[in-house]
Student: 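This structure is in structure tokens; I'll ask about it shortly.
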2 protein chains.
Amino acid sequence: MAPTRAHDPRPFKRLKHDHRRCVTTALARAAKVCAASGGRLTALRRWVLELVWQSHRPMGAYDILAALGQKRETVAPPTVYRALEFLRAQGLVHRIESLNAFIGCDQPGEPHSGQFLICRACGRAAEMADGRIDAAMRCGLAEAGFTLERPTVEALGLCPDCRPCAEAGHA
Amino acid sequence: MAPTRAHDPRPFKRLKHDHRRCVTTALARAAKVCAASGGRLTALRRWVLELVWQSHRPMGAYDILAALGQKRETVAPPTVYRALEFLRAQGLVHRIESLNAFIGCDQPGEPHSGQFLICRACGRAAEMADGRIDAAMRCGLAEAGFTLERPTVEALGLCPDCRPCAEAGHA
DNA sequence: CGGCAGGATGTTATCTTATAACATAACGCC
DNA sequence: GGCGTTATGTTATAAGATAACATCCTGCCG
């Protein structure tokens, strides 16, 4: 099946938006996804998901670990990695390979291979699902006789909000 | 301006090929590139490059470290990382983000943003430069108002040689 | 020749990221 | 309640990467 995820041509959110809304909808969707799949969204897992959604910047596993440490006495790495693995399997978070970091998925449930735009200035990352990129990859890989299983598409650069500042900085 | 690298629609080499040839041409090209850029291809750097080219499988920095350890008394991580950084700056090796590993570039000199096909069965990786993928990314990112600086395109899957075996294994 | 400036390498220590292996606890079902 | 399964806790260590400083080499200038 082809990815059914809707393509948002403006993947970066406004700098000022009601972020609590992002979090609550993410948690609601997570509950839905888990209910459908039979996965158990435990307190710990929900907590980790909430932490990942603290901002639109990818978060390292050890950042999450530290944040969890604020709320609980002792937390060890496997705790966090296991929760992240579960969330990833459910399609609720993605891993950004080029950053060794994790970010929440804003359209879980829809099968898709995300494309990530990472701003080197503000650190935010946004997910895209441009069908043309998907199609071009499938095409090129098919010609190469390659069976694609897991694509990784990540773009490092400047987001629309940081572009002007960075350019000013150059002058 | 645009990448001038030639697109090879069959990026994977035959399983049996004269690999010494790959190595010698890679070293020759490296010498040329460094001569042109003014970079100093020292014995150590050449050695690391040669190790990266030992096979068509991406090699971890610590694999290189261990291999170097065979030939020299003591080698420490920074030695290897510095050599790799130099080679990368010269465009002679690429880093595969999703593997934390390095692979030799077979067309250095030509500016390009590589696309990597990684076989999960045999571990080989091949570099591609499909202009359609490049174009699709540039297009999608431009619409998003994003300034692309460093694209990462990696595809995990099955190479043409491993596809049949893996499919047989499923049956 | 002698010395000096830069770049390259050596050395030590440490940091970040991730997982293996095993123990315990919670849950869901009959 | 007992039992199998799943989730979490705990300890230790593997794997990947860099900071900071010392030393050495090399080419160049006087």
Side-chain angles (χ1 to χ4, degrees), chain A residues 30-31 34-35 37-52 57-90 92-103 118 123 152 154, chain B residues 30-31 34-35 37-52 57-90 92-103 118 123 152 154:
Chain A
C34 288
S37 73
R40 288 169 52 191
L41 188 58
T42 64
L44 175 66
R45 289 166 173 174
R46 181 174 10 245
W47 217 330
V48 168
L49 181 60
E50 212 169 327
L51 286 170
V52 166
R57 292 130 101 98
M59 205 171 179
Y62 279 72
D63 297 333
I64 296 168
L65 187 65
L68 262 184
Q70 305 283 346
K71 299 276 180 180
R72 306 170 55 133
E73 319 74 52
T74 62
V75 198
T79 301
V80 170
Y81 280 101
R82 283 191 289 231
L84 286 170
E85 193 194 339
F86 168 83
L87 295 170
R88 199 141 70 103
Q90 300 287 325
L92 298 170
V93 307
H94 293 290
R95 180 187 158 85
I96 310 280
E97 300 292 345
S98 59
L99 297 179
N100 294 334
F102 300 84
I103 192 165
I118 306 152
T152 299
E154 298 172 9
Chain B
C34 288
S37 73
R40 287 170 52 190
L41 188 58
T42 63
L44 174 66
R45 289 166 174 174
R46 182 174 10 243
W47 216 330
V48 168
L49 181 60
E50 211 170 327
L51 286 170
V52 166
R57 294 130 102 98
M59 207 173 178
Y62 278 71
D63 297 334
I64 295 168
L65 187 65
L68 262 184
Q70 304 283 347
K71 299 276 179 180
R72 305 169 58 133
E73 319 74 53
T74 62
V75 199
T79 301
V80 169
Y81 280 101
R82 283 192 288 230
L84 285 171
E85 193 194 338
F86 168 83
L87 295 170
R88 200 140 71 101
Q90 299 287 325
L92 298 169
V93 308
H94 293 291
R95 180 189 159 85
I96 310 280
E97 301 292 346
S98 59
L99 297 179
N100 294 334
F102 300 83
I103 193 166
I118 305 153
T152 299
E154 297 172 9

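Within every chain, numbering begins at 1; the chains are lettered A, B, ... in the order of the sequence lines, protein sequences first and strands thereafter. Only heavy atoms go into these numbers, but all of them, side chains included; no hydrogens, no water, no symmetry mates.
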Student: How long is the span from the CD atom in Gln90(A) to the CG atom in Leu41(A), to the nearest 0.5 Å?
Tutor: 8.5 Å
Student: What is the distance, to the nearest angstrom, from the CG atom on Leu44(A) to the C1' atom on dT10(D)?
Tutor: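 So the CG-C1' distance, Leu44(A) to dT10(D), works out to 15 Å.
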Student: Could you work out which one of dT17(C), dT11(D), dG9(D) sits closest to the side chain of Asn100(A)?
Tutor: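 Nearest nucleotide to the side chain: dT17(C).
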Student: Establish, with yes or no, whether the OP1 or OP2 oxygen of dT9(C) is under 4.0 angstrom from a side-chain nitrogen or oxygen of Thr42(B).
Tutor: yes
Student: Any side-chain to backbone donor/acceptor pair from Arg45(B) onto Arg40(B)? Under 3.5 Å, distance only.
Tutor: yes
Student: Atom OH of Tyr81(B) and atom P of dT9(C): how far apart are they, to the nearest Å?
Tutor: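 That distance rounds to 17 Å.
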Student: Nearest whole angstrom, please: distance from the C1' of dA17(D) to the CZ of Arg88(B).
Tutor: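 Result: 12 Å.
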Student: Would you kindly give the OH-to-P distance between Tyr62(A) and dA18(C), to the nearest whole Å?
Tutor: 8 Å
Student: Which residue lies toward the 5' end of DNA chain C, Pro77(B) or Phe86(B), if each is placed at its nearest nucleotide?
Tutor: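 That would be Phe86(B).
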Student: Counting side-chain heavy atoms from CB outward, which of dT11(C), dT9(C), dA7(D) is closest to Arg45(A)?
Tutor: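 Given the options dT11(C), dT9(C), dA7(D), the side chain of Arg45(A) is closest to dA7(D).
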Student: Nearest-Å distance, CZ (Arg46(A)) to P (dT8(D))?
Tutor: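 Those two atoms, CZ and P, are 11 Å apart.
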Student: In whole Å, I'd like the distance from the CG atom of Leu65(B) to the P atom of dA14(D).
Tutor: 15 Å
Student: NA contact type, Arg82(A), heavy-atom cut-off 4.0 Å: base, sugar-phosphate, or nothing?
Tutor: base
Student: Just compare dT8(D), dA18(C), dT18(D) and give me whichever is closest to any side-chain atom of Ala61(A).
Tutor: dA18(C)
Student: Would you say dT10(D) has OP1 or OP2 under 4.0 Å from some side-chain N or O of Thr74(A)?
Tutor: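 Yes, such a contact exists.
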Student: Any side-chain N or O of Arg40(B) below 4.0 angstrom from OP1/OP2 of dG7(C)?
Tutor: no
Student: Between Glu73(A) (CD) and dT8(D) (P), how many Å, whole number?
Tutor: 15 Å
Student: Any idea which of dT9(C), dA17(D), dG9(D) is nearest the Arg95(B) side chain?
Tutor: dA17(D)
Student: Just so I know, are the side chains of Asn100(A) and Arg95(A) near enough to count as touching, which here means a heavy-atom distance under 4.5 Å?
Tutor: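 Of all side-chain heavy-atom pairs linking Arg95(A) with Asn100(A), at least one is under 4.5 Å.
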Student: For the pair made of CD1 in Ile64(A) and P in dT17(C), what is the distance, rounded to whole Å?
Tutor: 11 Å
Student: So, Glu154(A) versus Ser98(A): side-chain donor-acceptor pair below 3.5 Å or not?
Tutor: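 A pair is found: one side chain offers a donor N or O, the other an acceptor, under 3.5 Å apart.
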Student: Where the side chain of Ala76(A) is concerned, which of dT9(C), dT11(C), dT10(D) is the nearest nucleotide?
Tutor: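 Side chain of Ala76(A) sits closest to dT10(D).
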Student: Minimum heavy-atom separation for Met59(A) and Leu51(A), please, with both atom names.
Tutor: SD-O, 3.2 Å
